[in-house]
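Note sheet for the following structure.
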Amino acid sequence: MRTLKKRGGAVAVAACVVLTLAACGDSSIDDETEANEERAEELGDCGEINMAINPWDGYRASAYVIGTVAEQELGCTVNYKDLKEDVSWQGFGTGEVDVIIEDWGHPDLEKKFFEGEGDGSAMDFGPNGNVGIIGWFVPPWLAEEHPEVLDWEGLNEFASEFETSESGGKGQFLGSDPSFVQFDEAIVSNLGLDFEVVFSGSEAASISAFEKAEENKEFVIGYWWEPHYFNAEVPMQRVALPPYEEGCQDDPAKVACDYPETPLKKIVSTSWVDEGGPGVEAIQNFEWTNEDQNLVAKYIAVDKMSPEDAAAQWIEDNPDKVEAWLPTS
Amino acid sequence: MTATLAPAPPEPDAPPPEEPVARRGLPRWAWALIVIGVWVVVYAFTKGQDTLVLPGREHTDLHDTLTGFRDDVLASRDSNPIIQLTYAVGERFVAVVEWVQTLISVPDFPRPVPQVGWLGVTAVAAWVGLALAGWRIALLVAASFVSFGFFGYWSDAMDLLIVTFVAVAVSVLVGMPLAIWLGTTRNRYVLAAINTTLDILQTMPTFVYLLPIVLFVGIGPSGAVACTLLYSLPPIIRIAGHGIRGVSTTTLEATDSAGQTRWQRLLKVQLPMARRTIVVGLNQTIMAALAMATLAAYVNGPGLGKPVLAALQSRDVGGGFVPGMLIVVMAVMLDRTTTAASEAPEKRIRDGADPKIRRIVLGVTGALALVAVYLSREQIDLARFPENDVRRTVADGVNDLVDWFTDTFGGLTGGFKDVISYGLLNPLESLLAESPWYVVAVAILALSAVLGGVRALLPTVICLAGLWYFDLWHDAMVTLNMTLVGTILVMALALVLGVWMARRPRVDLVLRPVLDAGQTIPPFVYLIPILGLFEATRFTAIVAGVIYAAPVAIKLVADGIKGVSPATLEASRATGSTTWQEITKVQLPMARGSLVLAANQGLLYVLSMAVIGGMVGAGALGYDVVLGFSRSEEWGKGAAAGISIVLLGILIDRICRAAAHRDPVTHDPSKRPWWRAASI
Amino acid sequence: MTAVVDQPEQTGAATTDAALSVRGLWKIFGSGAEKIIGTPDAELSRADLKQKTGCVVGVKDVSFEVAPGEVFVVMGLSGSGKSTLVRCLTRLIEPTAGEVVIDGRDITKAGAGDLRELRRTHTSMVFQHFGLLPHKQVIDNVAFGLEIRGISKKERRARAGEIVDLVGLTGFEQSYPDQLSGGMQQRVGLARALANDPSLLLFDEPFSALDPLIRRDMQNEVIRLHHELGKTMVFITHDLQEALKLGDRILIMRDGEMVQVGAPDEVVAAPADDYVRDFVSDVPRSHVLTLKWVMRDPRPDDSMDGPVMKADTIVRQAAKAALASDHPVRVVDENDRVVGIVDDDAILRVVVAEEEAPA
């Protein structure tokens, strides 16, 4: 019992110390609250933007830059929601998601959620300025040492070099995260390549593989894309496949051509657009280049800045570009 | 007739503990080898036929039907009463979570900070710890909360706590009545039905929960609470039910004979006497909830899972390590608190503590906590944890360490990977996945009959038929193969470390906390370093599974060996056996029950990592599940893969259990894995 | 211990003066058990019945009566059905057929509420493995019966305190069961049973789990309590010594059936069959048999100078006086009428046979 009392006493003393210390601190919560209220009044009611965050750094760069602009310049409340693409689209109808800032083309989802065939909960809000280039890539050392591999017809010659414990005696082609549109199994078989598609399963796994291959001068070929900050670190080289022609990817089983260049676009919730406001306008105006995105993505992924800090940094450095996105009214 | 006979007369048709194998003259393992031998011969001639391969990005009509079901549900979500209901429930969850968030975790606009700041929350939490479990726990709680703020994850940590608590509260509300039902019913069919449902829920990899939950409840806090709740339900039902069922029949009779009502029986006897077991169940439920709430970051569930996941995506090992360790801290805090809280009241009485002094202490400290709450509402530094660079410093340190490690050992580990892959993984996979499917089915059936007897046949047939039906046979075999190889590695580790721990208390003392942490830390944290060492391969997935499963298996083996009667050990020493003989002739054989259990748990844990494996190059069912989750048109394939994983798990579990049941040493109901713990 | 009371044979329903009356009690385990009673199958042996129907007989057509204040012992080996029998008395096990009348009420027909009332106020039971509540202190364990009757904490603790003193647990009120020895725990079990002030106490092998010395203490304790409180008791045991020591009358069971009912000396002196004879063969007969069982009819030439003893005097107690006297003992009944003669030979036959037996 005595120890109990003693400890109780110790706590009381400690609490007194805290109290005294606290009394010295200045109270700024009230000030900040007032400032927040004033700012809110000043900027008017911008409302909320529910911004889906799809799981790659380039996307995150775009989302946080325009999100930060909307928050700071327009006083919107931006809720970032970490979601995969498919789940994000489902959220349009329930009001859980308002904006997908970078969409790589999902014909099946468009069919389900666009006006016309679908329920009309989502709509195309125009390009975001980035151009997606999907294709087969090899690490730079390989492109330099064996330029033959940069054309698909030269691949079979090296098939055995690409073999791994996973590829069952054939050359390994590294497929990527299941989220992405991939026809590689069909391409490999339709072009008669002596390769086996092995899925890395995630972007992170693919990057690890490419990084290691470049470092140790190992053979690797896989599904990759631009824009991506990783290309700044390791400039992956594209392998030429039979060029894309309109309709050559219509039947997934018969694909034997390269992926098309994709202008990336913004997809938004129809009901959110109907509500209107400065936030809607800003999203509509948002457009930037692959270089812009790569830079911010690099801040995040390589320099390990938080997405918020990375966005703030870029906004500070590019006031004119930001100005162009703000609503004119 | 004695009392023990009275409640349950011997079943007339219960088979005597016969040993049919013994009668045939060959031990079971020999028969198993014969089966495998025949299989290999048949495989040599039929290799590559009817393997039912389905390429990674293709699906079948059945999968389209499942996708169609999803589409129908989605299309009807504005009118479908079930979805309306589940969404309404989900909205309640959101309302509660968001309200508590503005209270303690996120700024309550226009305030720049939550209503109560970190000091207030920490003080109140510590006070609750004090009231429930005493000074030590209060200190532990306070230190844990301060660490959340100190490492810069205050808000995420609070969110994780909120989601966990809301989900656990509902789990207990829903689970306890079911546990009581499970613990008191005499209806064998009800028992079987509840147990099978729980088996399915517990075998289903956490990732698979997300598919239907997103569909029915939506994303964000609602989805997070819903899947956490669903996933954390089985432990409380199962363990509490087991505890209630295990209450001494003599005591029940004695108190019945005093004329109690059913309610009195439940409230005054069954529940109090099962209290310790119920707390174990609550404990497991909280751990399961933590694991799931972390994964719920995939559907925008708030909490520490978010930074962990973000770190995985930008391959920032250190950035994931810090929140990952905070999850471990939270798990340890909750575990110790619940355990101590369950023992505290009785301990107080036994120690003869004076309730008056306790009241005074609680009153004074409570008042202090309120003062802290008040201050944390007024002072910005007491509301928002002062910023510091510790998080980044630690993260960078971890990154450097991991880089150094992968650079230094990358070649070595690559070689190791190749040895295992070419020597074990590939040949076994070829046998399982390249044999015609019917050959594999017959072989598995024969093995289950040899190992598990008649008991194992029915579940084996059902599971194999299910695997065939869902059109992912080949992928299932590849996953099964990885699971088997992973379990072999797990058991090798478990035997070595388990024996070592059991024989050297100091080793136990050092290893146990490491194992505890290994069990609680989210696998995402260690995926990247393993990827660095082993690349995107099946072996990486296996290593992840081994890291996840080994702690449980090691602990089971160590505890089993420790449980070997010291008298037997003494006797063997008296006959002059060497240490090696002591281990191999006495300790391991006598701990056979625990070894089988460890293998069973190892299999299920490794299997439960199949989905995570799919993200690092394992392909097969894991990849299919991620695919279904990621791509709208593949939803049906993902669902089929999820079901296939469950079927594989039940197949493995039932064969193991049946095999253990036929073994005289392991046939011990108290060692059945009713407590199967959290798994990702 | 009260004197042996020979129960007059009672028939029909006029049994209101018996504390407990059991008639035609059956317990068969297994499905379809009800249908077996009354058919020829019911007469089958236990093994045959199990073979034929899959059902197991626990109690087979048992009838007996217990007078108020009597200690009635049911004895048998394990598996003989005695524990099932005692559980049927308060329907802890539901009997398959038959009547159990306690204080004039047939409890087999009682509703759930009545049954509960009976268990709360009329009967109490003491169990082999104590069945204490580990989470409650001794005082609250004792008060449990009162608690579930809804008696206030203060009152029930006061009453339980008295009982605690009565069974010699004073000073242990605040202990938890696991802090007590087995013997002490059973005292708690005994106190709990007494706290309800029941008219009928049931004991299910209460002392089998205890050490021999403690068991003897506890037996003496029961004897003492019986003297002080005069409760009716039904006592289950597999220990013949215990049965002889405590029982006013003993019911011997085998395979669920009654084999013999009688006073201890009757059972020892006149076993009903070989089973009982085998059972009692090791009993020190001089400790049990009364003069009634060793006397011969008086003859005209018998000496009338020997000591006079009652017929229910135990041989061992009579031995010294009888052997000291030159004349045979004259045995008299309650009316001091000489009913028999016991000479030295008769005494020695009992005592010496017993000495030789173990050798």
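The basis for the numbers below is simple: all heavy atoms, side chains too, and nothing from hydrogens, waters or symmetry mates. Chain naming here is simple, since letters A, B, ... match the order of the sequence lines and numbering starts at 1 in each.
- The part of B:S222 that comes within reach of chain A is its side chain, from C-beta onward, which places non-hydrogen atoms under 4.5 angstrom from that chain.
- For B:A383, the part lying near chain A is the side chain, with the backbone staying farther off; criterion is any non-hydrogen pair under 4.5 Å.
- If you measure heavy-atom distances from A:L109 to chain B, the contacts under 4.5 Å come from the side chain alone.
- Distance alone, capped at 3.5 Å, is enough to place a donor-acceptor pair between the B:S76 side chain and the B:D72 backbone.
- Of all the listed residues (B:D381, B:L312, B:V214, B:T406), the one sharing the greatest number of non-hydrogen pairs under 4.5 Å with chain A is B:V214.
- Interatomic distance, CZ of A:F92 versus OG1 of A:T270, reported as 8.5 Å (0.5 Å rounding).
- Counting heavy-atom pairs closer than 4.5 Å to chain A, the top-ranked of the candidates B:T537, B:I219, B:L425, B:V616 is B:I219.
- Here the side chain of A:Y259 pairs a donor or acceptor atom with the backbone of A:F183 at under 3.5 angstrom.
- Heavy atoms closer than 4.5 Å to chain A are found in the side chain of B:R384, but not in its backbone.
- Note on B:E535, B:R538, B:R392: by heavy-atom pairs under 4.5 Å with chain A, the leading option is B:R538.
- Residues passing the ring pair (Phe, Tyr, Trp, His ring centres under 6.0 Å) test with B:Y623 are A:F199, sequence neighbours excluded.
- No other option in A:E185, A:K212, A:E203, A:E34 has as many heavy-atom pairs under 4.5 Å with chain B as A:E185.
- Taking the six-membered ring for Trp and the full ring otherwise, the centers of A:F173 and A:F195 sit at least 6.0 Å from each other.
- At least one side-chain heavy atom of A:T33 sits less than 4.5 Å from a side-chain heavy atom of B:P112.
- Heavy-atom distances place the side chain of B:D71, and not its backbone, under 4.5 Å from chain A.
- Between chain B and the residues A:D57, A:V97, A:N216, the most heavy-atom pairs under 4.5 angstrom are made by A:D57.
- Contact of B:R391 with chain A is not made at all, since no heavy-atom distance falls under 4.5 Å.
- Using a 4.5 Å cut-off between heavy atoms, A:F113 contacts chain B through its side chain alone, with no backbone atom that close.
- Looking only at distances, a side-chain donor or acceptor of A:Q293 sits under 3.5 Å from a matching main-chain atom of A:G58.
- Between atom CD1 of residue A:I53 and atom CD1 of residue A:I100 there is a gap of 11.0 Å, rounded to the nearest 0.5 Å.
- Ring-plane geometry between A:Y59 and A:W56 is classed as perpendicular, the angle between the planes exceeding 60 degrees on a 0 to 90 degree scale with a lower cut at 30.
- Annotation: side chain of B:L370 is not in contact with side chain of B:W127 (no heavy-atom distance under 4.5 Å).
- Remark: side-chain polar atoms of A:D82 are not paired, donor with acceptor, to backbone N or O of B:N300 under 3.5 angstrom.
- When heavy atoms are compared at a cutoff of 4.5 Å, B:D407 approaches chain A solely by way of its side chain, counted from C-beta outward.
- If you measure heavy-atom distances from A:S176 to chain B, the contacts under 4.5 Å come from the backbone alone.
- Put simply, the side chain of A:D98 gets close to the backbone of A:N50: a donor and an acceptor are under 3.5 Å apart.
- Note on A:E85, A:R60, A:E215, A:Q172: by heavy-atom pairs under 4.5 Å with chain B, the leading option is A:R60.
- In this structure, chain A has heavy atoms under 4.5 Å from both the backbone and the side chain of B:F629.
- Ranked by heavy-atom pairs under 4.5 Å with chain B, the list A:D119, A:T164, A:L174, A:T94 is led by A:T94.
- Your options are B:F539, B:Y422, B:W635, and the one with the most heavy-atom pairs under 4.5 Å with chain A is B:Y422.
- Heavy-atom distances place the backbone of A:Y80, and not its side chain, under 4.5 Å from chain B.
- In this structure A:S208 satisfies the side chain to side chain contact (heavy atoms under 4.5 Å, CB included) test together with B:R315, B:L531, sequence neighbours excluded.
- In terms of heavy-atom pairs under 4.5 angstrom with chain B, the leader among A:I207, A:V198, A:V302 is A:I207.
- Contacts between B:V113 and chain A at a heavy-atom distance below 4.5 Å involve the side chain alone, from C-beta outward.
- Neither the backbone nor the side chain of A:E196 comes within contact range of chain B, judged by heavy atoms closer than 4.5 Å.
- Using a 4.5 Å cut-off between heavy atoms, B:D418 contacts chain A through its side chain alone, with no backbone atom that close.
- With values rounded to the nearest 0.5 angstrom, A:K112 atom NZ is found 8.0 Å from A:Q90 atom CD.
- Contact count versus chain A (heavy atoms, under 4.5 Å) is highest, among B:P107, B:S630, B:A75, for B:S630.
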